[in-house]
*Asks:* 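The structure that follows is given in the form of structure tokens.
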Amino acid sequence: MDTFKPGDVVQLKSGGPRMTVYSVAASGTYLCNWFNREGDVWTPQHASFRAEQLGAARGGGEHDLLSDETRHMAAQMPGLNS
């Protein structure tokens with residue numbers, strides 16, 4: 001089973017968006033942040049996942065291009081990184 005720390009980029013083993021680990025709860029779950037995009041609108045999202053649901057993010061394709069842009073956006077969002 002993988003263990004992650006805040007700042008690690010992860011992805012559900014079943015696929016989906018690349019997410020950033022925000023914090024690790026005492027219960028061992030990981031709070032992750034990511035952005036959903038609909039047209040020109042980016043919406044921040046977050047959810048908790050168990051370690052066995054997550055793996056290190058897989059690279060490649062459009063997600064790599066989007067991740068640079070979303071990281072930049074996340075850095076500018078007050079409260080998201082505090």
*Asks:* Looking only at heavy atoms, which two atoms of F49 and C32 are closest? And how far apart?
*Replies:* CD1-SG, 3.9 Å
*Asks:* How long is the gap from CD on Q11 to CH2 on W34, to the nearest 0.5 Å?
*Replies:*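 Between Q11 CD and W34 CH2, I get 12.0 Å after rounding to 0.5 Å.
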*Asks:* Which heavy atom in P6 sits nearest to a heavy atom in S23, and how many Å separate them?
*Replies:* CG-CA, 4.2 Å
*Asks:* Pairs in or reaching into residues 20-31: which pass salt bridge (charged side-chain N to carboxylate O under 4.0 Å, His left out), with residues at least two apart or in two chains?
*Replies:* none
*Asks:* Please round to the nearest 0.5 Å and tell me the distance separating atom NZ of K5 and atom OH of Y30.
*Replies:*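 Separation between the atoms: 10.5 Å.
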*Asks:* Got a second to check how far L54's CG is from L12's CG, nearest 0.5 Å?
*Replies:* 6.0 Å
*Asks:* Under 3.5 Å, side chain of Q53 to main-chain N/O of K13, donor-acceptor pair present?
*Replies:* no
